[in-house]
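Below: one structure, written as structure tokens.
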2 protein chains.
Amino acid sequence: MTDQRRIAGLPGLGEIGLGNFAPYLMNRIMGRYNASLRADLAGLGLSTPKMRALAVLSVIDAPLIRELAVYAVVEQSTLSRALDQLAGEGLIQRETDAGDSRATRVHITETGRAAFEAMWPKMAAAYARMFQGIPEDERRAFVATLQTMLGNIRKHDF
Amino acid sequence: MTDQRRIAGLPGLGEIGLGNFAPYLMNRIMGRYNASLRADLAGLGLSTPKMRALAVLSVIDAPLIRELAVYAVVEQSTLSRALDQLAGEGLIQRETDAGDSRATRVHITETGRAAFEAMWPKMAAAYARMFQGIPEDERRAFVATLQTMLGNIRKHDF
DNA sequence: CAGAATTAAATGCGTTTGCAAATATCCCGG
DNA sequence: CCGGGATATTTGCAAACGCATTTAATTCTG
């Protein structure tokens, strides 16, 4: 029944099998990783967009908002509102770009950095659990493949 | 500055680097994969939960709704409403389980299968793009690592 | 075997999301 | 150096989401 349908030569999902289809596995894994983090961080008043913004800002200094949206994997309109909250809580500061007054750069504050550092152990724990029993060389190969994939699909050059 | 903070021995995100942190890369990649699919499928009246349910149902026959929620990586309440729509459009059918009248099994209809097969080329194309230039053995190793990871983090045994 | 505890699915409800439009600024060609 | 088009961010709004609760049925326990 399934076979007759694919005259085109394109293998179907049935032939591949859900458990061998990389995007499916990645969604399953990240679904749980993110849900688990969200539960951990809800107590700290941090939504997913807020924590992602903080995480990126802990590493990248004073990006433009549109850049932050890409790095943090958050829609720009959602990010805009998340930044409202973070600014209200004193975790970040918005500052108009020196050379372009349309644009806004975002800085993490000391309080913001402390908030990120308070949540980092949760992220690290989720990461450790995910890679449990996977040897170092396999991890490296995995990350290398991910980097290639990101290069394949990203639209911006960062 | 960053160094002084980590007396604990846990490497910080700064030391690892965003671009080497696997969960970050996976979120970046899946963020774009999912956004791109969503845009493709919006025209067909399919939301992400609806398309995921259909995709799983094209491969797994008559699961319980709670199983489908796990496989499809959709909250149960969201899935319940997505199934309302899919049923209204004749793409699936709900049927009370024979042995447990609390439970409901979900069947894909012929129309539903056709709808999935209409969208599959989009998914396959996104997949192909993602793995562009990655040799077969590297892909296999990558999927094997993903399978280990899923085993590490899943709460149910499916 | 009665009642408590558990499990499956649906639903109420406040919050969040994302698209599209609005606003403000900048850049480029003529 | 003026006006049209591009770019950065915010905001309006309707739809979607997720938590917690409800309803219904099953299973466990004393």
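Below, read A as the first sequence line, B as the second, and so on, with proteins coming before strands; counting in each chain starts at 1.
- Between S101(A) and T78(A), the residue anchored closer to the 5' end of DNA chain C is T78(A), taking for each the nucleotide with the nearest heavy atom.
- Taking atom CG of residue L79(B) and atom C1' of nucleotide dA8(C), one finds them 12 Å apart after rounding to whole Å.
- Here the range on DNA chain D touched by chain B, meaning any atom under 4.0 Å from one of its heavy atoms, is dC17(D) to dT26(D).
- Rounded to whole angstrom, the span from the CG atom of D84(B) across to the P atom of dA9(C) amounts to 13 Å.
- Partners of V70(A) under the side-chain contact (heavy atoms from CB on, under 4.5 Å) rule, at least two apart in sequence or in another chain, are H156(A), F158(A), R28(B), R32(B).
- The residue R94(A) sits close only to the backbone: its heavy atoms come under 4.0 Å of sugar-phosphate atoms, none of a base.
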One pair to check against side chain to side chain contact (heavy atoms under 4.5 Å, CB included): T48(B) and N34(B). What are the steps and the verdict? CA-CA 8 Å; T48(B) 298; N34(B) 290 325; 5.6 Å; no

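- For the helix from dC1(C)-dG30(D) to dG30(C)-dC1(D), the axis fitted to the five pairs at one end and the axis fitted to the five pairs at the other end meet at an angle of 30° (nearest 10 degrees).
- Looking at R139(A), Q147(A), R140(A) one by one, the single match for side-chain hydrogen bond (donor to acceptor under 3.5 Å, both in side chains) with N20(B) turns out to be Q147(A).
- Here S36(A) pairs with D40(A) under the side-chain contact (heavy atoms from CB on, under 4.5 Å) rule; sequence neighbours left out.
- Counting to the nearest Å, the C1' atom of dT17(C) and the CD atom of E75(B) are 15 Å from each other.
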Protein-nucleotides 12-14 of chain C N/O pairs closer than 3.5 Å?
{"from": "dG12(C)", "atom 1": "O6", "to": "R81(B)", "atom 2": "NH2", "distance (Å)": "3.0"}

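- Note: CD (Q85(A)) to C1' (dT15(C)) measures 10 Å, nearest angstrom.
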Considering only distance and modelled atom types, tabulate donor-acceptor pairs under 3.5 Å from the side chains of residues 89-96 of chain B, sequence neighbours left out.
{"from": "E89(B)", "atom 1": "OE2", "to": "K50(B)", "atom 2": "NZ", "distance (Å)": "3.0"}
{"from": "R94(B)", "atom 1": "NH2", "to": "D84(B)", "atom 2": "OD1", "distance (Å)": "2.2"}
{"from": "E95(B)", "atom 1": "OE1", "to": "H107(B)", "atom 2": "NE2", "distance (Å)": "2.7"}

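- Mapping V74(B) and G99(B) onto DNA chain D by nearest heavy atom places V74(B) closer to the 5' end of the strand.
- Residues A103(B) and R38(B) both approach DNA chain C. Their nearest nucleotides, taken by heavy-atom distance, put A103(B) toward the 5′ side.
- Using the six-membered ring where Trp is involved, F21(B) and Y127(A) have ring planes that are tilted, between 30° and 60° apart.
- Rounded to whole Å, atom C1' of dA10(C) lies 9 Å from atom CD1 of I65(B).
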